[in-house]
Structures are given as structure tokens and as C-alpha cells.
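What follows is a set of notes on a single structure, which appears directly below.
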Amino acid sequence: MPELPEVEVLVRHLRPLLKNKAIRSVAVRRARVIAPTRLGTFRRWLRGAKFLGVTRRGKYLLFELRAVGSRESFTLLGHLGMTGRMFLAPKKSPLPKHAAVVLELGRERFVYEDTRYFGRLTLDISAAEKLGPEPFSKGFNPPAFAQALSRSRQAIKVKLLDQSLVAGVGNIYASEALFRARISPALPARKLNTEQVRRLHRAIREALAQAIRFGSTVPLRFEGEKRDGLFYFGRDPGAPDYYSERLLVYDRKDQPCVRCKSPIKRIVQSARSTFFCPRCQPSRG
DNA sequence: CACCATGTTCCTTG
DNA sequence: CCAAGGAACATGGT
């Protein structure tokens, strides 16, 4: 369930639930997800520590914690990879098959589960320090964006996945932003003109903001077992299905473009699917 | 069996 | 040193 909007919605959900809760015990069921932190180190730092807050940077979750009797706080870094989930569940509730880390909080437990184990929950925060600007920050502006694009011959769609360019855009919202900006995903990054850079800058913000708004509005079930193609969160049974109105091009191969009715095309770039409308997003023009 | 999947990192090549 | 491409990681759905 990754990409910035999903992480943002999750962080807003977890923040009040975790605030001031202390970790009574730590269970690491899959050591790879805490790497490169060692098991002993991980347990020593977390056991007894209290959650002060939760924030987001790109697709990362930053848990601020403080050890008992200490005035210094430290950061636990989370990432959901492709299939990660983080949620609170009642104490002794059945653990999912791929529960990777479980933190006992008293009446409740914090569960990080991840089917493919591509995600992380670690004390090594170096990955988050290499990220580019947050999409809603002043640091992400058209001139700086243009400058960053100007040195790359890569297709703009591929370049958007580079987290040092702008943090948080993933495979879904890269296609969505390019559709909104009416720019071909195959256009080399350095070929975008000033107007296109402006449109793309705006489209990225709009695609992400709209998704956050959507995720904040719809009832979500964070501990869900199954993905539902909606937010990749679980959803309450019977909740209305807004999926058809949510994503404009992603996963819509052969379906009519919402703007011009031409069939949406799927291409592969750097071994990943890209969806676009060949008429609204022409290679030239 | 084949192909697909929301991500990042490491290794190689130019 | 840098940019770019591809494999690897691990599991499940269709």
C-alpha cells in the first residue's frame, strides 16, 4: 500500500493511537526487515520506549520515541515496501501469517506485517536522508524541478520514480500526474519545456493531494487481511466503491480515456507498467 | 507454467 | 564520479 498518499493517511491514523504508548516487549519475526540494525540493538532501544509522535517523509514513516528516564528522543524508520501494513490490534489478537515485527503496548499491540518483506522497520534512518524535496514543500518548485530534470535523458515517467528528484511519487501516481499534465511518459526528462514543467509540478501536487483527500474521506480498515484495489488498505464491507472515480489512467488499459474516450495504453518502461492516453499525451505536440 | 504486482538497493556497463 | 539499465529481494494472485 505504499506511495505518499497512502503513507500520509496511515500516519494520520496512527499518530493519535500511538501517542504516549510505551513498548512493553518486542518480537522480531523476520530479521531482514530491521536490517541493518541488529536484533539485540533493536530490542534494547525499543523496549520500554514511549511513542512521542509519528511523521512522514516521502514514503517513509518516522516514529519518534523516547527511552524511559531519557530526555533525548530517537527515530524509528518505517517503510511499507510493496505489501506492508502497520496497525494496532487488541492484545493477543491472531497475528497475520507474515507479521514481521510485533510491539506489545499493553492492551494493544502494534503490528507490522509485510507479505513480501520488502519494507523496513529500522533504526537506520540514512535512507530517508537521501530523499529529494517533499512535494508540498517550497523546496519543490518549478525552477528547481526544471533544473533537476535538465540533466536527465531518461523518460520522464522513469525519472519521476527517482526519490531524489521529489519524494513520494511511485508507479501509480507517476502515471496519474503525467496524464493530468498531458505529457507523454516517454518524453526524455530534459526535453520538457518550461510550461510542461509547470504543469507537471502542479499535476504531481494535485494527484497526491486528491488521493490524500480521498483516503481521508473513505472509511478504511487498516488491519484488513486483503487488498481491495482501493487504497490497498482494507475497507469496511459494504463501503461504497469509489475506485472507478479514483485513478484516471492507472490500470485502465483499453478502457476509454476519461477526457477523450480513446483507449488507454499500457507500455513497459524500466520493467514497470505505465498507463497513458496516446491522444491526450502525445509524444510530440 | 506464465506473467503480473504500490519499492528500493546493489551491481554492472558505458 | 555520474547516469542508466537490469537483476535481486519474496510472496501471492490471476
Side-chain angles (χ1 to χ4, degrees), chain A residues 1-11 29-37 56-61 77-86 96-100 112-122 124-132 147-178 186 188-191 204 207-208 210-212 214-215 220 222 224-235 243 246-254 266-275:
Chain A
M1 70 165 183
E3 294 203 50
L4 185 150
E6 292 79 12
V7 177
E8 177 63 26
V9 172
L10 176 61
V11 163
R29 304 169 90 243
R30 181 67 69 116
R32 121 185 268 280
V33 305
I34 68 169
T37 306
R56 178 193 59 71
R57 177 81 172 89
K59 302 171 193 171
Y60 290 88
L61 299 97
L77 189 71
H79 194 289
L80 299 169
M82 297 269 259
T83 53
R85 289 163 180 268
M86 292 183 184
K97 180 178 179 185
H98 298 292
Y112 161 41
E113 72 105 358
D114 191 343
T115 304
R116 291 167 77 180
Y117 303 105
F118 284 177
R120 286 289 183 276
L121 191 61
T122 177
D124 173 28
I125 61 168
S126 60
E129 293 170 336
K130 298 168 190 162
L131 296 173
Q147 165 79 16
L149 294 176
S150 68
R151 279 168 282 115
S152 176
R153 298 167 199 271
Q154 264 184 324
I156 184 61
K157 154 61 166 44
V158 176
K159 196 64 191 166
L160 283 180
L161 302 181
D162 179 350
Q163 301 298 295
S164 68
L165 180 71
V166 54
V169 177
N171 204 43
I172 293 176
Y173 297 107
S175 283
E176 293 296 308
L178 286 165
R190 51 154 55 167
K191 298 282 192 185
I204 289 168
L208 297 177
Q210 191 265 351
I212 293 170
F214 176 84
L220 299 170
F222 292 87
E225 306 268 315
K226 292 178 184 171
R227 67 178 64 176
D228 57 17
L230 179 71
F231 226 93
Y232 304 104
F233 288 122
R235 192 186 50 195
Y243 179 56
R246 196 167 89 74
L247 300 176
L248 303 178
V249 286
Y250 185 82
D251 207 17
R252 286 179 174 270
K253 175 173 148 65
D254 295 334
R266 172 186 180 269
I267 59 172
V268 174
Q269 297 178 291
S270 287
R272 313 208 59 191
S273 292
T274 300
F275 298 87

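When reading the values below, keep in mind they use all heavy atoms of this one structure, side chains included, and skip hydrogens, waters and symmetry mates. First the proteins, then the strands, lettered A, B, ... as listed; each starts at 1. Bear in mind that the values here come from a model prediction, so they are computed numbers and not experimental data.
Arg190(A) comes within contact range of no nucleotide atom at all, as no heavy-atom separation falls under 4.0 Å. Residue contacts for Ser270(A): at a heavy-atom cut-off of 4.0 Å it reaches no nucleic acid atom on any strand shown. Residue Phe118(A) is classed as a base contact, given a heavy-atom separation below 4.0 Å to a base. Arg153(A) comes within contact range of the sugar-phosphate backbone alone, with a heavy-atom separation under 4.0 Å but no base atom that close.
In this structure, Arg120(A) atom CZ and dT9(B) atom P are separated by 8 Å, rounded to whole Å. Look at OH on Tyr117(A): it is 6 Å from P on dT11(C), rounded to the nearest Å. Note: NZ (Lys130(A)) to P (dC2(C)) measures 14 Å, nearest angstrom. At whole-Å resolution of the value, NZ in Lys253(A) and C1' in dC4(B) are 13 Å apart. Per the geometry, CG belonging to Leu247(A) stands 12 Å off P belonging to dT6(B), to the nearest Å. In this structure, CD1 of Ile156(A) is placed 15 Å from P of dA3(C), rounded to the nearest angstrom. The interatomic distance linking Leu77(A) (CG) with dT8(B) (P) rounds to 11 Å, in whole Å. Rounding to whole angstrom units, CZ of residue Arg57(A) and C1' of dG7(B) are separated by 17 Å.
Remark: Arg32(A) is not positioned above the aromatic ring of Tyr117(A), lacking an NZ or CZ atom under 6.0 angstrom from the ring centre and at most 45 degrees off the axis.
Side-chain contact between Val9(A) and Phe214(A): absent, with no pair of heavy atoms (C-beta onward) separated by less than 4.5 Å. Looking at heavy atoms from C-beta onward, Thr83(A) lies out of side-chain contact with His98(A) at the 4.5 angstrom threshold.
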Using the rule given for side-chain hydrogen bond (donor to acceptor under 3.5 Å, both in side chains), can you reason through Asp124(A) versus Thr122(A), listing the C-alpha separation, both sets of side-chain angles and the distance that settles it, and then say yes or no? CA-CA 5 Å; Asp124(A) 173 28; Thr122(A) 177; 5.3 Å; no
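The side chain of Gln154(A) places an N or O atom within less than 4.0 Å of a non-bridging phosphate oxygen (OP1 or OP2) of dG5(C). Between Arg272(A) and dA5(B), a side-chain N or O to OP1/OP2 separation shorter than 4.0 Å is absent. OP1 or OP2 of dG7(B) sits under 4.0 Å from a side-chain N or O of Lys59(A). Here His98(A) does not reach the OP1 or OP2 of dA10(C): none of its side-chain N or O atoms lies under 4.0 Å away. Remark: Thr83(A) is not in phosphate contact with dA5(B), judged by side-chain N or O atoms under 4.0 Å from OP1 or OP2. One finds a side-chain N or O of Lys97(A) lying less than 4.0 angstrom from the OP1 or OP2 phosphate oxygen of dG12(C). In this structure, Tyr250(A) reaches the dT6(B) phosphate: one of its side-chain N or O atoms is under 4.0 Å from OP1 or OP2.
The nearest heavy atom of DNA chain C to Asp114(A) and to Ala155(A) marks one nucleotide each, and the one closer to the 5' end goes with Ala155(A). The nearest heavy atom of DNA chain B to Ala127(A) and to Arg116(A) marks one nucleotide each, and the one closer to the 5' end goes with Arg116(A).
Of the candidate nucleotides dT11(C), dA3(C), dA5(B), dT11(C) has the atom lying nearest to any side-chain atom of Thr115(A).
At a cut-off of 3.5 Å, with distance as the only test, a side-chain donor of Ser273(A) or Arg266(A) sits close to an acceptor on the other residue.
Using N1 to N3 plus N6-O4 or O6-N4 for Watson-Crick, or N1-O2 and O6-N3 for G-U wobble, each under 3.5 Å, dT13(B) pairs with dA3(C). Shown here, dT6(B) forms no base pair; nothing in the strands shown gives a Watson-Crick or G-U wobble contact with both key distances under 3.5 Å.
Across dC11(B) and dA10(C), the matching P atoms stand 15 Å from one another, rounded to whole Å.
No more than 12 heavy atoms of other residues, nucleotides or ligands shown are found within 6.0 angstrom of CZ on Arg153(A).
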